[in-house]
Amino acid sequence: MSGTAEKVAAVLLDTGAFLVRPQEPFRLTSGLYAPFYVNCRLILSRHEARIRAAAALAATVPQPGTTVIAGGVTAGVPFATLVADRLGLPMVYVRAEAKSHGTVSRIEGGAVAGERVHLIEDLISTAGSILAFTEALREAGAEVDGVSVLFSRASESARLALEEAGLAITAICGLDTLLAVALGSGRIDEKGLGEVRAFFADPEGWSARHAP
């Protein structure tokens with residue numbers, strides 16, 4: 001484990017962004033029920049946590065090289081803003097779909113044609129949103145030079161999809177690091193750790209057994 005990964009794991013734990021609740025499982029965007037949930041938005045309410053998150057993300061952005069920072073609506077926008085401010089770069093954000101009024105834009109903040117854009121997101125799981133945001137940026141004429149996320153629980157299918165899209169991703173903290181730091185600090189016990197491992201071994205099966 002790198003020191004930066006451990007520091008980000010500590011930020012996630014200290015802000016309550018990592019929750020383990022096997023008896024009251026969380027419903028994920030995929031529709032599956034899981035024994036844990038990661039809510040990076042909770043980092044935003046803590047000044048010191050924001051500074052650490054921004055520093056970790058900013059260090060992954062190619063410099064010199066990147067000319068614009070982008071964030072995806074909604075969770076990626078505040079983290080992209082923090083990184084852009086730290087690096088002194090322009091920043092845009094990408095909507096899930098184009099708005100139906102005004103300029104009918106999907107990318108807000110300025111033109112990205114001919115720019116080298118680095119996408120900032122809070123986390124990655126299925127990679128669906130990241131791929132959609134990247135496609136929108138590329139269609140607008142940008143060269144997406146990579147994606148950085150604070151936390152990754154990316155599936156193998158997500159990794160393959162990113163590879164097929166020619167998209168390099170940097171994840172500062174992964175699930176193994178987060179679980180190790182949580183266990184070592186007493187934030188999770190062996191039983192909770194076992195439930196998280198069981199979910200990843202068979203997400204559909206775990207969900208079916210624990211759905212309300």
Side-chain angles (χ1 to χ4, degrees), residues 1 5-6 8-45 49 53 71-79 94-97 119-136 147-212:
M1 293 183 288
E6 290 181 327
V8 170
V11 166
L12 291 168
L13 294 168
D14 291 344
T15 57
F18 178 57
L19 300 172
V20 178
R21 202 174 66 192
Q23 303 308 315
E24 298 177 67
F26 301 92
R27 188 172 186 180
L28 306 180
T29 53
S30 64
L32 295 177
Y33 288 91
F36 73 99
Y37 186 69
V38 179
N39 182 6
C40 293
R41 294 173 181 84
L42 292 177
I43 293 172
L44 301 172
S45 66
V73 172
T74 58
V77 174
F79 292 103
V94 189
R95 298 177 182 273
E97 57 184 33
L119 180 63
I120 300 291
E121 281 292 287
D122 61 336
L123 56 79
I124 178 175
S125 53
T126 65
S129 295
I130 285 175
L131 291 169
F133 293 142
T134 298
E135 182 180 11
V147 182
S148 296
V149 300
L150 278 175
F151 177 72
S152 171
R153 55 179 181 84
S155 62
E156 182 61 26
S157 60
R159 286 189 284 269
L160 289 174
L162 291 168
E163 184 177 332
E164 289 177 2
L167 195 58
I169 185 163
T170 300
I172 297 168
C173 179
L175 184 65
D176 287 342
T177 299
L178 181 57
L179 291 176
V181 174
L183 186 64
S185 61
R187 309 293 183 90
I188 187 175
D189 57 23
E190 291 288 351
K191 182 178 180 181
L193 179 63
E195 292 288 357
V196 175
R197 296 290 190 198
F199 171 82
F200 278 100
D202 180 15
E204 290 79 10
W206 195 98
S207 179
R209 292 191 301 272
H210 294 80

Tell me if a side-chain donor or acceptor on Glu121 pairs with a main-chain N or O of Gly72 at a distance below 3.5 Å. yes

With sequence neighbours excluded, tell me which residues meet side-chain hydrogen bond (donor to acceptor under 3.5 Å, both in side chains) with Ser148. Thr60, His118

Grab the two heavy atoms, one from Ala53 and one from Phe79, that are nearest each other, plus how far apart they are. CB-CE2, 4.4 Å

Pairwise side-chain contact, Leu150 with Leu123, heavy-atom cut-off 4.5 Å (strictly under): no

For the student: nearest non-hydrogen atoms of Phe133 and Val73, plus distance: CZ-O, 3.4 Å

Identify, with sequence neighbours excluded, every residue that meets salt bridge (Lys or Arg N to Asp or Glu O under 4.0 Å) alongside Arg41. none

May I have all residue pairs that pass side-chain hydrogen bond (donor to acceptor under 3.5 Å, both in side chains) and include part of residues 18-36, sequence neighbours excluded? none

Please list, one pair per line, the donor and acceptor atoms closer than 3.5 Å that link side chains of residues 187-198 to other protein atoms, with sequence neighbours excluded.
unit_1	atom_1	unit_2	atom_2	d
Arg187	NH1	Leu13	O	3.1
Arg187	NH2	Asp14	OD1	2.8
Asp189	OD1	Lys191	N	3.3
Asp189	OD1	Gly192	N	2.7
Glu195	OE1	Trp206	NE1	2.8
Arg197	NH1	Asp176	OD1	3.0

If the plane angle is over 60° it's perpendicular, under 30° parallel, otherwise tilted; pick one for Phe36 and Phe18. tilted

Side-chain (Ser207) to main-chain (Pro203) donor-acceptor, under 3.5 angstrom: no

Taking the side chain as every heavy atom from C-beta outward, state whether Ile124 and Val147 have any atom pair closer than 4.5 Å. no

For Pro78 and Ala75, work out which heavy atoms get closest and say how close. CD-O, 3.4 Å

According to the salt bridge (Lys or Arg N to Asp or Glu O under 4.0 Å) rule, which pairs have a member within residues 202-212, sequence neighbours left out? none

Please collect all side-chain hydrogen bond (donor to acceptor under 3.5 Å, both in side chains) contacts where either partner lies in residues 151-168, sequence neighbours excluded, each pair once. Ser155-Ser157, Glu156-Arg159

